[in-house]
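For reference, the structure discussed in these notes is given below.
In the text below, chain A, chain B and the rest are named by the order of the sequence lines, each starting its count at 1. This is a predicted model, so every value here is computed, not measured.
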There are 2 protein chains.
Amino acid sequence: MKTKDENTEDHILNAAENVFQRKGMDGARMQEIADEAGINKAMLHYYYRSKRFLFEAVFTKAFSLIAPEINRVLNEDTGLFQKIENFTHSYITFMQKHPYLPNFVIQELNRDAGFIKVLQAKEGFPDFRKFQAQVEKEVQDGTIKPIKAEQLFINLLSLNIFPFLAAPLIKGFLKIDDSEYKQLMEERKEEITGILINYLKIK
Amino acid sequence: MKTKDENTEDHILNAAENVFQRKGMDGARMQEIADEAGINKAMLHYYYRSKRFLFEAVFTKAFSLIAPEINRVLNEDTGLFQKIENFTHSYITFMQKHPYLPNFVIQELNRDAGFIKVLQAKEGFPDFRKFQAQVEKEVQDGTIKPIKAEQLFINLLSLNIFPFLAAPLIKGFLKIDDSEYKQLMEERKEEITGILINYLKIK
DNA sequence: GTCTATAGCCAGATAGAC
DNA sequence: GTCTATCTGGCTATAGAC
């Protein structure tokens, strides 16, 4: 078999990512995906059979891009402070590459919560237990304040992800434009690391 | 004119809230709203003329419920620590009453960012300036660490709102059920207040 | 004001030529 | 594999009786 640089199937998937991530399952149109891919509507069905299946391919791939980001926090072989800093610093870079992705995943999971079970069954789904053990150990050792691993994890995700999800809302409240907002996000690398490490540190 | 306890127009709006907030603009169906209201599809158009107008009525009302919550942080006449505690403690209660609301607002603003301008023009849109002045004053007085009001505001919203937006995702990562998650949210009242006050306090 | 019936359109999906 | 043409169903919106 010959493998072209980028075959039709991949073209379709890329186009579908663009459209689904911006418009969501319900707002997306097969015609728009076909246009984006520069081919015909019938081809979408030839390769993916239905809108539903195409959507699921996009969703699964989206999640497979997020999973390594989460795994970096959960399973990397470094200290807690280092993990917090690594995750926070790399997250903005990730968002610049995939601006619609977290919102897409969260939105579609709210629309169809049962889908998380499909993801959990797949290879590479993040495993929380190692992180939990690490936090418990550091608390035991007295290197950090007593805190639940779950809460720390939620705090880390909240502080990093929310400002991107709610960007239009926050820009509206603060009455600032895109470039000022981008500047704020840049500052948050230090801001978030500072807050969390300050909270964990024993004075 | 006689005012019935709940007239048809309100019935429709309530039903529309249910459906739009769960399904979004694109996923919602006029038929489902009519069923929910226990009346006929034609009535929706009689009272609200189009799906678009009905949606906007729902969206505007949704925002008018959130605005006072934000205003409490921005304009209440209390100290910063008190504001943080008040907002955090009341937010969970608010979410229990309106579980789909913040996700709905954020999602639809991402779909159509221009809509924020309509909201900004309305009465009661939160004004950030008083909060900003307060933070700057407390920094000046040396009662809190130097911090930008914008970042503090973003932190407060992130820590409170995100865990509800991303509930299905976080439940999936932590492999916990609804009641365990609810318990975590309850603990967060103290967790969030602690983090932020700890970060602001001068030791 | 409230209903039934239906117009008119648009989207997902398929048939079939090449 | 790729296209054009078309089917079929569902959705918003309206016409018109009561």
*Nucleotide dC3(D), atom C1' - distance to CG of L44(A) in whole Å*: 13 Å
*Start with the C-alpha gap between F104(B) and F59(B), add the side-chain angles, then the distance that decides, and say whether ring-ring contact (aromatic ring centres under 6.0 Å, His included) holds.*
CA-CA 8 Å; F104(B) 170 67; F59(B) 189 83; 5.8 Å; yes
_Rounded to whole Å, please give me the gap between NE2 in H11(A) and C1' in dG1(D)._
15 Å
_CA sep, side-chain torsions, deciding dist, call: K41(A), E32(A), side-chain contact (heavy atoms from CB on, under 4.5 Å)_ = CA-CA 9 Å; K41(A) 241 194 333 173; E32(A) 190 178 352; over 6 Å; no
*Give one of base, sugar-phosphate or nothing for Y47(A), where a contact means two heavy atoms less than 4.0 Å apart.*
sugar-phosphate
*From F162(A) atom CZ to L159(B) atom CG, the distance as rounded to the nearest 0.5 Å*: 10.0 Å
*Can you check whether T8(B) has a side-chain N or O nearer than 4.0 Å to OP1 or OP2 of dG1(C)?*
no
Contacts table for residues 151-158 of chain B: side-chain donor-acceptor under 3.5 angstrom, sequence neighbours left out:
from	atom 1	to	atom 2	distance (Å)
Q151(B)	OE1	R188(A)	NH1	2.9
Q151(B)	NE2	L184(A)	O	3.1
Q151(B)	NE2	E187(A)	OE1	3.2
N155(B)	OD1	R188(A)	NH1	2.9
N155(B)	OD1	R188(A)	NH2	2.8
N155(B)	ND2	E191(A)	OE2	2.9
N155(B)	ND2	Q151(B)	O	3.0
S158(B)	OG	I154(B)	O	2.7

*In whole angstrom, give the distance that lies between atom CE of M43(B) and atom P of dT4(C).*
12 Å
*Strictly by modelled atom types, are E138(A) and T143(A) linked by a side-chain donor-acceptor pair under 3.5 Å?*
yes
*Nearest-Å distance, CD (E32(B)) to C1' (dT12(D))?*
15 Å
*Measure the distance from CE on M25(B) to P on dC11(D) and round it to the nearest whole Å.*
14 Å
What pairs of donor and acceptor atoms, side-chain ones from residues 11-22 of chain B against any protein atom, are under 3.5 angstrom apart with sequence neighbours left out?
from	atom 1	to	atom 2	distance (Å)
N14(B)	ND2	E6(B)	OE2	2.7
N14(B)	ND2	D10(B)	O	3.4
E17(B)	OE2	K61(B)	NZ	2.7
N18(B)	ND2	E36(B)	OE2	3.1
R22(B)	NE	N18(B)	O	3.3

*List the protein contact pattern of nucleotides 10-18 of chain C with one symbol per nucleotide (5' to 3'): B for base contact, S for sugar-phosphate-only contact, - for none; contact means a heavy-atom distance under 4.0 Å.*
-SBBB----
